[in-house]
Amino acid sequence: MSHPELDGLPLERKAALLSGRSYTHTKAVDEAGVPGITLFDGPNGVRRPGDSTVHIDPLHTLPATCFPPAVAVGSSWNPDVAACVGAAMGREARAFGVTVSLGPGVNIKRSPLCGRNFEYYSEDPLLTGVLAAAHVRALQEQGPGASVKHFAANNQETDRKRISADVDERTLREIYLAAFERVVREARPATVMSSYNRVNGVHACENHWLLTEVLRDDWGFTGAVISDWGSVGDRAASLAAGLDLSMPGPDDAGDAEIVAAVRAGDLEPEAVDRAAARVAALVRRAAPATGDVDLDAHHELAVELAAESAVLLRNERDVLPLAAVSSIAVIGEFAARARFQGGGSGNVKATRVDEALDAMAARAAERDATVRYSPGFSPDGDGDPVALREDAVRAARAAEVAVVFAGLPEKEEWEGTDRTSLDLPAEQVDLIRAVAAAARRTVVVLSNGAVVSLEGWHDEVDAIVEGWLLGQGGGRAIADILFGVVSPSGHLAESIPLRLQDHPSFMNFPGEQGHVRYGEGVLVGYRYFETAEVPVRYPFGHGLSYTSFETRDLRVSATGTDTADASVTVTNTGARAGRHVVQLYVATGAGPVRRPARELRAFSKVALQPGESTTVEFSLDRRAFAYYDVVLGGWAVAPGDHTVQIGENASTVVAEATVTLTGDQVVLPLTLDSSLDAWLTHPGVGPDMIRELAAGRGEEAVRQGMRSPEFRVMSSMPIRQFVKYHARDLTTEVLERLLERHGLLGSDHGPKA
Ligand code: BGC
């Protein structure tokens, strides 16, 4: 990167480039022709502050479209939905003069209690990565840059600025870094935002391994790394680690620390030059506010995208869609005052909000049906819960169907705090049960940014629509789903457990004494439930439709040593148009590490008319079969059988076919600390070893011995100890001679990329 404008710029002025001017702006360095830029949140709409020099006051932000938050986009399982959000946000950001849009968040939903789950897509890294890459690509095509956040392992809010996420490397690479990696490689985001927390003891913004070795050296990231707001403690250390821009500002003292560190010889001047050059490259994106935004069109888009994101969880006796009903009781305050986004930095001042009650009344009127509304409960705890409930029960009894809008109060889902329970507020559970007992048919529509428990009332109601938080158009989208204007096509991007105690994160969330141990390793979410055969209420990938689909003719063939093609035919066998998600999982027991029962490796959403069929083709690359091998320090494909499974969801497989892959012929380095077994089974050295051990007894005797229980006990012993205590005729000199003969002395058999 050449930046002649920075040549000759004094150190102090370069350092000044590396921190903000305000909460949302960077400084201009006029003598270098570097303008200041604007950085606004966020994840699901442009958060336009009214006064940008101080902390953002939510009461004085300016309107922008509030699109469905990531929790909803995740459930759409449709990269086109993510791309529509990205493009529309890009248009608004450009029109509002934003250079960097702070989002999307691609952290994995490790626990259903994480207070920011509404800002994240899924418990699965592939689903997260594909959706986020689509968002970033589409957003950046409009001009502004994206800031993919929060890098990395920021999976809880408790103690978020200090907690150390203690995660083994395989788990990091396979689960927590994988979505960032995909977005960086495929969508080339302008910036990455480092997280508040520590990763294995080192603050993310000072973590050289994370910000330089992984992000830049391994993945080839060339953009700027921005700190999360107020996370940098030591400016010089963060710069040395690979952080470029510290936000917010001003931070004159921090800029002076950088200058002092260089002068004292504690920080290389090149580190300052590098970071200044990256910030200068970023600000080239700065552009005056341009383009008109059609806010009406964006609102319509917000409705359409929301309708693709809600998940129909249960639909007994086909109670939905509400086709021929003449009277409906609409119960629950969320019908009249939608909960459509989470709290904190992602909070957008919506341009308008469609309420489900109004939209339902309009749809009902088209069908000559009546709607009676009863608030049922108060999310803020106002009013008498018994009186509210009794009124709702009366309304339910008088109607043909009762639709209860329940969910989490806004204060329970707020950046900076985690929840402590999966339960809905008790008065809402009481309400649902009372209504279900009185009504002929009961439908529950949920509004929540993270999983809530369905236990204690699930079996008493006929239908459940998981509406998550759907953005400003959610109310109309829900009405369209309830009345069958749209057939639901959302699928769960996270498992709904029966009990919090069943969840893999339960024993290690949110940590203690400054550390949270990711003890479940790669067995996150459905990877654990399926492997340990722990029943859930609804599995990852679950979602019903008003039509039905059939899957047939799965064909899988290897296309190389570690790749394969798969194709499968899907037919809409029902009477309505609908969208179906083909979910492709891979299951294998091959290789030296424990693999989850199955892992999502590809997916595709298809729209089909009644009776229509389509053949969906997948090209499965090496990573679809790989695991991260910590011994090799790289990705490896284990030789052996890999079963491609088409799942209706993560726990119901509807078709499968196995391919045998040659995989990687991994030969691990052999040393005197390697096990007896490793020596005997080594392709080169093994046969020679057996000959040495056989001296006088014949090789067959040795081979027979290798099958004995005694051998099994000894097989993991370091060869050094084995020769010392158990093999009088074998010496370390002999072993070294063998290594030499096979060219293995001091050699490095390093990882295959
Ligand atoms: C959040 C970020 C956000 C930033 C700026 C922080 O508190 O963690 O996600 O982008 O504030 O508002």
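Each ligand, and each atom within it, is numbered from 1 in the order the structure gives.
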Next item on the list: Go through E181 and R623 one step at a time and tell me if the salt bridge (charged side-chain N to carboxylate O under 4.0 Å, His left out) criterion holds.
Entry: CA-CA 12 Å; E181 178 180 4; R623 278 292 272 279; 2.8 Å; yes
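Of all atoms in ligand 1, numbered sequentially from 1 with element shown, those under 4.0 Å from a heavy atom of E415 are 1 (C), 6 (C), 7 (O), 8 (O). Close contacts between ligand 1 and Y196 involve ligand atoms 6 (C), 7 (O), 8 (O) [criterion: under 4.0 Å to a heavy atom]. Close contacts between ligand 1 and Y23 involve ligand atoms 5 (C), 11 (O), 12 (O) [criterion: under 4.0 Å to a heavy atom]. Close contacts of ligand 1 with K149, meaning ligand atoms under 4.0 Å from a residue heavy atom, involve 2 (C), 3 (C), 9 (O), 10 (O). Numbered from 1 in the order shown, with element, the atoms of ligand 1 that lie under 4.0 Å from a heavy atom of M193 read 10 (O). Of all atoms in ligand 1, listed by their number and element, those nearer than 4.0 Å to a heavy atom of R47 are 12 (O). The R160 neighbourhood of ligand 1 comprises atoms 7 (O), 8 (O), with distances under 4.0 Å to a heavy atom of that residue. The ligand atoms of ligand 1 that sit less than 4.0 angstrom from a heavy atom of S345 are 1 (C), 2 (C), 3 (C), 9 (O), 12 (O).
Considering only heavy atoms from C-beta on, F96 comes within 4.5 Å of V46 through its side chain.
Remark: D217 CG to L211 CG distance equals 11.0 Å, nearest 0.5 Å. Distance check, rounded to the nearest 0.5 Å: NE2 of H503 to CG of L422 gives 8.0 Å. A distance of 9.5 Å separates CD1 of I175 from CD of E123, quoted to the nearest 0.5 Å. The line from CZ of R517 to CG of D168 is 10.5 Å long, rounded to the nearest 0.5 Å.
Considering backbone and side-chain N/O atoms, W229 never comes within less than 3.5 Å of an N/O atom of ligand 1.
With a 4.0 Å cut-off on non-hydrogen atoms, K161 does not touch ligand 1 at all.
Of the candidates D41, V100, L102, the one placing a heavy atom closest to atom 3 (C) of ligand 1 is D41.
Remark: D292 CG is loosely packed, at most 12 non-hydrogen atoms of other residues, nucleotides or ligands lying under 6.0 Å away.
Ion pair E412/R419 not flagged as a salt bridge, since none of the NZ, NE, NH1 or NH2 atoms sits closer than 4.0 Å to an Asp/Glu carboxylate oxygen.
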